[in-house]
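Worksheet: one structure, shown below.
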Protein chains: 2
Amino acid sequence: MSDTKIRNMEEFAALIGISRPTVSKYFQDPDSVRQSTRDRIETALGQYDYRPNIFAVNQNRKLTNIVGIVVPYLADPFFAEIARQLEQRCIRAGFRPALYSAHGQPDLEVDVLDGLRLLKPAGVLLAPLGRISQRDAIKQFCREVPTVLFDSNMDGIGAAFVGSDNFSFVSQTVDYLTRTGEPPCFFEMQTPANPNANKRRVAYLTMMDQLGLEPKVYSVPGAGWAFEEIGREGALSIIDAGGFSTNTVLCSNDRLGIGLLSACYERGLKVGRGEGCDLRVASHDDHPFSRFTCPSLTTAAHDYASVANHAFATLTELIDAGGRFDERQETLFTPKLILRSSA
Amino acid sequence: MSDTKIRNMEEFAALIGISRPTVSKYFQDPDSVRQSTRDRIETALGQYDYRPNIFAVNQNRKLTNIVGIVVPYLADPFFAEIARQLEQRCIRAGFRPALYSAHGQPDLEVDVLDGLRLLKPAGVLLAPLGRISQRDAIKQFCREVPTVLFDSNMDGIGAAFVGSDNFSFVSQTVDYLTRTGEPPCFFEMQTPANPNANKRRVAYLTMMDQLGLEPKVYSVPGAGWAFEEIGREGALSIIDAGGFSTNTVLCSNDRLGIGLLSACYERGLKVGRGEGCDLRVASHDDHPFSRFTCPSLTTAAHDYASVANHAFATLTELIDAGGRFDERQETLFTPKLILRSSA
DNA sequence: GAAGAAACTTACCGCGCGTCAAGAAAAATA
DNA sequence: TATTTTTCTTGACGCGCGGTAAGTTTCTTC
């Protein structure tokens, strides 16, 4: 590696005796130049430390090779995990991923999108906050930037949506629980941040109705993203007020479930499906930590890999199609029931 | 909000009857123009949807207002949390945070830094992978870009380091555990990814030596970032081989501890400090979920807020100082013992 | 070897903004 | 009002690259 400082493409081209336009062509598509010149450029790249100036490159492009990834709350391991998978797919496909979190705040979500728009990204993978999102701002953004929504759907917004089938989540867990013991009551947040929670409650009510069973929903107070704490506090109240109506609790999501397990432990309730257990607890999402809870959490798992794969594949399709689909696509993946020890 | 599309600063300036250089000055420092012109510009900004082109702006700057934040593994809630706090401080201070994860891979860490260098960031907050980092590449990066390391120190690299005092972590937990029961054995990974783990082991050995007690270290096999799984598997082996040498286990970090708790539960060992408990378990970090484990985990907590505050403050100092300190600064914050039910 | 195709070179403009110098206008001070 | 100071305008250049047109060289193909 030579120490010669190269200031721009002109200098780099001169150094290896090739014209700048040819070098420029190479950087946009290495296959677009003759093999021999490609070799010369690439050996030079090994010798000298030159890479095109990102800002200059992107200034003249209608679109950059940046792909935005926006999640509602990155400190939630579910989103961290899905973001991780999306990022790696972007990198492998030659895009530059730019990862953002709305930190649970609708105004920050808009700020993030505003900032992202300036980057002229080739496309954006967006998991919106949901219910509290500033709908119009997001809609406007999606009109201007090729966007695929994931995890949380918003009617008519974005060129496509990729997520998991909330009804299937609940139908599988309810089915399993009713087959193997008392029918479940449903444990959720009063004011859930995203629409999946509502769909899950509706699915629960529908399933119970279909089975001819009496539904019972516990909506515990609390807002924000501290789900475990909300679940824990809510469960403590319920337990202290006499407990749940059945010995089987189905949580809207794993993080609430983790809080519930914590409350049960604190109150000396034994959770599980074996002899001498007081409560069965099941949940949804397959949160990265749900297999390490005590007891390990029976849950229905997102197909993380498929969601990430398909979301990214849909985005590249969308980009190739010029940023527009004739029809909005919606893809739901079927979750998978994971039996562990809690139910 | 008018629908007139504004293509550049020239048009925007013309529209409000101000010269482009003046508008440019405004965007670099709103206070640098007369109040009356500032008002005219800002009312226009409310009416029309114009913002300077990021790429064009940054092309002519030696440094941008981008602050890079790099963590070794974003799906680890500890890093997600600290990254979240750093990001918000950047935003509040008017920087554009750019968040990256090395996904646990040293080569990706180098790629991330290479990509970051092209962005000409004002500064970078870097938590390196540690032991497996490509030291020379990181050193070179730090020479070129004002960088503050956090969480994981690397001798002589970066202008400053901000982290937690590993010795204090361990001295507090060991002290507490020995005062209140049997002295602890130490539970760790064989090949820890980052240097904090080694410091904690050394601190344990030192403390035990000072107290005149016999140390006992369990180094369980495993590499990578699936700490819970590694802790769980390792603990299962130990338990099945006859158990720990004392009834008190001190884990190198909370994620290993979570795995250990999971193993204990599975084998029917009751963890806690009360009557009828088989094992006391304590740990370090105050992982976001450690208060929801069963039982809740006694641990020593990072002072997240102080680390984030001071790391960011140090970076702004560094930037103001032109990217160089006379002397490398190291700041360690004292962790805080958090007593919960596991020990 | 000639003809045609492919790949290259040279020369130039444009992108949107930072920045500077000179001069004009406005505001503050005397 | 006259003078100084501050702020603004005009005009121009440069940043590093994308892109194009016309001409030249190199590689195919028969």
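A, B, ... follow the sequence lines: proteins, then strands. Residue 1 opens every chain. Note that the structure is a prediction, hence the values are computed from the model and not measured.
Per the geometry, CD1 belonging to B:Ile18 stands 14 Å off C1' belonging to C:dA26, to the nearest Å. Note: CG (A:Asp29) to C1' (D:dC17) measures 17 Å, nearest angstrom. Between the C1' atom of D:dG16 and the CZ atom of A:Phe27 lies a distance of 13 Å, rounded to the nearest Å. For the pair A:Tyr26 OH and C:dT9 P, the computed distance is 15 Å after rounding to whole Å. Rounded to whole Å, the distance from NZ on B:Lys25 to C1' on D:dT9 is 12 Å. A straight line from CZ of B:Arg61 to P of D:dG16 spans 16 Å, rounded to a whole angstrom. Following rounding to the nearest Å, B:Arg38 (CZ) and D:dT7 (C1') show an atom-to-atom distance of 16 Å. Nucleotide D:dC8 holds its P atom 11 Å from the CD atom of B:Gln35, rounded to whole Å.
A sub-4.0 Å separation between OP1 or OP2 of D:dT9 and a side-chain N or O of B:Thr22 is present.
Inspection of the A:Gln28 and A:Ser24 side chains reveals an N or O donor paired with an N or O acceptor under 3.5 Å.
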Which atom pairs, one a donor and one an acceptor, fall under 3.5 Å between side chains of residues 104-116 of chain A and the rest of the protein, sequence neighbours left out?
{"from": "A:Glu109", "atom 1": "OE1", "to": "A:Ser133", "atom 2": "OG", "distance (Å)": "2.6"}
{"from": "A:Glu109", "atom 1": "OE2", "to": "A:Leu129", "atom 2": "N", "distance (Å)": "2.8"}
{"from": "A:Asp114", "atom 1": "OD1", "to": "A:Arg117", "atom 2": "NH2", "distance (Å)": "2.6"}

Contacts under 3.5 angstrom, residues 61-74 of chain B side chains, donor-acceptor by atom type, not counting sequence neighbours:
{"from": "B:Thr64", "atom 1": "OG1", "to": "B:Ile66", "atom 2": "N", "distance (Å)": "3.1"}
{"from": "B:Thr64", "atom 1": "OG1", "to": "B:Leu119", "atom 2": "O", "distance (Å)": "3.3"}
{"from": "B:Thr64", "atom 1": "OG1", "to": "B:Lys120", "atom 2": "O", "distance (Å)": "2.9"}

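Pairs of residues two or more places apart, or lying in two chains, that qualify as salt bridge (charged side-chain N to carboxylate O under 4.0 Å, His left out) and include a residue from residues 38-48 of chain A are A:Asp31-A:Arg38, A:Arg38-A:Glu42. Sorted by first and then second residue, the ring-ring contact (aromatic ring centres under 6.0 Å, His included) pairs involving residues 307-329 of chain A (not counting sequence neighbours) are A:His310-A:Phe333.
For B:Arg89 (side chain) and B:Gln85 (main-chain N/O), a donor-acceptor pair under 3.5 Å exists by modelled atom type.
A salt bridge links A:Glu81 to A:Arg84: one of the charged nitrogens lies within less than 4.0 Å of a carboxylate oxygen.
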(Q) So if I define the base as every atom that isn't primed, P, OP1 or OP2, how would nucleotides 21-27 of chain D read as a B/S/- string at a heavy-atom cutoff under 4.0 Å? (A) -----S-
Shorter than 3.5 Å, N or O on both sides, protein versus nucleotides 13-17 of chain C: list them out with atom names.
{"from": "C:dG14", "atom 1": "N2", "to": "A:Asn60", "atom 2": "OD1", "distance (Å)": "3.4"}
{"from": "C:dG14", "atom 1": "N2", "to": "A:Asn60", "atom 2": "ND2", "distance (Å)": "2.8"}
{"from": "C:dC15", "atom 1": "O2", "to": "A:Asn60", "atom 2": "OD1", "distance (Å)": "2.5"}
{"from": "C:dG16", "atom 1": "O4'", "to": "A:Gln59", "atom 2": "NE2", "distance (Å)": "3.4"}
{"from": "C:dG16", "atom 1": "N2", "to": "B:Asn60", "atom 2": "ND2", "distance (Å)": "3.3"}
{"from": "C:dG16", "atom 1": "N3", "to": "A:Gln59", "atom 2": "NE2", "distance (Å)": "3.0"}
{"from": "C:dC17", "atom 1": "OP1", "to": "B:Tyr50", "atom 2": "OH", "distance (Å)": "2.5"}
{"from": "C:dC17", "atom 1": "OP1", "to": "B:Asn53", "atom 2": "N", "distance (Å)": "3.0"}
{"from": "C:dC17", "atom 1": "OP2", "to": "B:Met9", "atom 2": "N", "distance (Å)": "2.3"}
{"from": "C:dC17", "atom 1": "O2", "to": "B:Asn60", "atom 2": "ND2", "distance (Å)": "2.6"}

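When each of A:Val307, A:Leu332, A:Thr331 is checked for a side-chain contact (heavy atoms from CB on, under 4.5 Å) with A:Ser164, only A:Val307 meets the rule.
For the residue pair A:Tyr48 and A:Ile6, the shortest heavy atom distance occurs at CB-CD1, 3.3 Å.
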